[in-house]
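Step one of this worksheet: look at the structure below.
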Amino acid sequence: MPRTQVGIVGAGPAGLLLSHLLHLAGIDSVVLEARSRDYVEKRVRAGVLEHPTAELLREVGLGERMDREGLPHEGLSLRFDGADHRIALTELTGKSIMVYGQQEVVKDLIAARLAAGGQVLFECTAIAVPGVDQDRPAIIYRDPAGRTQELRCDIVAGCDGFHGVTRAAATGLTVFERAYPFAWLGILARTPPSHHELIYSYSDRGFALHSMRSPALTRLYLQVPPDEDLAGWPDDRIWEELAARLRTSDGFTLREGPVLEKGITPMRSYVVEPMRYGRLFLAGDAAHIVPPTGAKGMNLAVADVRVLARALTAFFQQGREDLLDAYSETCLHRVWRAEHFSWWMTSMLHRFPGDDAFQHRLQLAQLRYTVGSVAAATSLAENYVGLPFAQ
Ligand code: RFL
Ligand code: PHB
């Protein structure tokens, strides 16, 4: 029967980076991923790496292509009242962010794991993780041929995202949750960005976001109703709505181009506590979700597995359990800060169904204060570029 020290469910940023960090510490792991390699490498998701995330990727030998192809940004715009109001991230914090697609991070991680002889088993779907409450955990999974297999391990890392199976193995977790009355419709278009930085736009018609992936690829999002059907959004309607929501009084022009990808993402805040059950450790979206307005999801996944890799290193190399015992609490401090920031950005920038003129004026007052006060702008900036990792 196959065996490893750490059985990892999920080859997203959390699972792959954990496997890489463990490898650097001389700890063996196997990653099981339900989807194909091609699928996970093409899945378009997050685009913003916090300063600490980019630094960590460099430190562990994963920064080369990111530094070559990624786009460092020193500011972003909040657009309202028909104009841009720039938050000078770097001037205010001394730090910048890196615009580099999540699927590029995933590609770099997979390449690094495979080059080091690491085991990433694609098209292997975990079904159950028995024994995590005793000392003999295992992962039961279906292999690509449909056969049921068992992987024995000392520790299971549940990095299988929000819809994974590992969280269900834990009993007694407390769930904290908030749903939002809207979703995001996102597109990737083959057209140069219309502005050199990200634009978060608050408009009468709802929120819109202008982002990018490269000098030739633009990523754009629209706030839509939560159960919206993509079929009702032909490309023309999407461009028209984006142009209307991104309009300025000084004639901003939105560059259009072929739509390469489109999808709808529900918005949710969600945290389980604790992020551990016996020998099962949850990390990334398996343990918490934020609405994407703060660009925090992937960054939290990275922060979790950094803490977990250190704790597992102390466990396997020195037999210490104190860092594993502290894992959940250490992570949850950062998680709740990001939950607050993401909720705050979301609340400030979206139109809520049923909101009245009073609410609209409150949001405008908040936006004007945020861009007008150095203290308030710095608060947004330090959260956006990423607070320092836990020691
Ligand atoms: P992932 O990436 O979902 O990976 C989980 C993996 O587990 C696999 N899996 C299983 N494998 C085996 N057996 C099973 N039973 C399995 N069940 C699931 C899945 O196939 C998958 O490969 O979770 P992870 O690693 O925790 O990473 C989290 C991030 O993906 C997520 O937080 C971000 O994408 C969120 N997010 C953003 N985060 C940022 O930091 N900055 C952003 O700018 C940002 N923008 C976004 C986002 C997410 C979005 N969507 C689509 C949800 C924008 C969008 C639109
Ligand atoms: C993205 O580029 O996909 C992106 C950027 C900022 C966000 C969310 C998504 O807040």
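Numbering of ligands and ligand atoms starts at 1, following listing order.
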Hydrogens and angles aside, do [X] and [Y] bring a side-chain donor and acceptor to less than 3.5 Å of each other?
X	Y	value
Arg245	Ser201	no
Gln149	Asp143	yes
Ser29	Thr4	no

Checking [X] side chain against [Y] main chain: does a donor-acceptor pair fall under 3.5 Å?
X	Y	value
His210	Ser194	yes
Arg334	Pro388	yes
Gln5	Asp28	yes
Thr125	Tyr141	no

Got an N/O contact under 3.5 Å between [X] and ligand 1?
X	result
Ala295	yes
Val44	no
Gly297	yes
Gly47	yes
Thr125	no
Gly164	no
Val165	no

Identify whether NZ of Lys or CZ of Arg in [X] sits under 6.0 Å from the centre of the six-membered ring of [Y] and within 45° of that ring's axis.
X	Y	value
Arg35	Tyr39	yes
Arg310	Tyr327	no
Lys296	Tyr384	yes

Distance filter under 4.0 Å to Val9 heavy atoms, resulting ligand 1 atoms: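 Close to Val9: 12 (C), 13 (N).
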Subset of ligand 1 atoms that lie under 4.0 Å from at least one heavy atom of Leu32: 11 (N), 12 (C)
Residue part near ligand 2, for Thr293, under 4.0 Å between non-hydrogen atoms: backbone
Out of [options], who is nearest to [atom] when you count heavy atoms only?
atom	options	result
atom 13 (N) of ligand 1	Ala126, Pro291, Ala14, Gly158	Ala126
atom 1 (P) of ligand 1	Glu50, Arg35, Lys296, Arg45	Arg45
atom 2 (O) of ligand 2	Ser211, Gly47, Pro291, Pro292	Ser211
atom 1 (C) of ligand 2	Arg213, Met298, Lys296	Arg213
atom 16 (C) of ligand 1	Leu49, Asp160, Ile97	Asp160
atom 34 (O) of ligand 1	His288, Gln102, His163	Gln102
atom 4 (O) of ligand 1	Gly12, Ser211, Ala128	Gly12

[X] heavy atom under 4.0 Å from ligand 1:
X	answer
Gly186	no
Ala286	no
Tyr221	yes

Looking only at protein heavy atoms, identify the closest one to [atom] and say how far it is in Å.
atom	answer
atom 3 (O) of ligand 2	Tyr221 OH, 2.6 Å
atom 20 (O) of ligand 1	Glu33 OE2, 2.6 Å
atom 40 (O) of ligand 1	Met298 N, 2.7 Å
atom 36 (N) of ligand 1	Ala46 CB, 3.6 Å
atom 6 (C) of ligand 2	Tyr200 OH, 3.2 Å
atom 27 (O) of ligand 1	Pro13 CD, 3.5 Å

Ring centers of Trp336, Phe176 separated by less than 6.0 Å: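 Aromatic pair counts; centres sit under 6.0 Å.
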Ring-ring centroid check Phe352 Phe182, cutoff 6.0 Å: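 Yes, they do, as the ring centres are separated by less than 6.0 Å.
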Parallel, tilted or perpendicular: which one describes the rings of [X] and [Y], with boundaries at 30° and 60°?
X	Y	result
Phe162	Tyr270	perpendicular
Trp184	Tyr221	tilted
Tyr200	Phe207	tilted

Under 4.0 Å, counting heavy atoms only: does [X] come that close to any atom of ligand 2?
X	answer
Arg45	yes
Leu209	yes
Trp184	yes

With heavy atoms of [X] as the reference, note each atom of ligand 2 found under 4.0 Å away.
X	result
Val48	5 (C), 6 (C)
Leu198	5 (C), 6 (C)
Arg219	3 (O)

Intermediate values then yes/no, side chain to side chain donor-acceptor pair (under 3.5 Å), His288 and Asp304: CA-CA 11 Å; His288 41 72; Asp304 286 352; 2.6 Å; yes
Arg43 CZ to Asp38 CG distance, which is reported to the nearest 0.5 Å: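 So the CZ of Arg43 and the CG of Asp38 are separated by 11.5 Å.
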Thr265 contact mode with ligand 1 (heavy-atom cut-off under 4.0 Å):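 Within the 4.0 Å criterion, Thr265 contacts ligand 1 through side-chain atoms alone.
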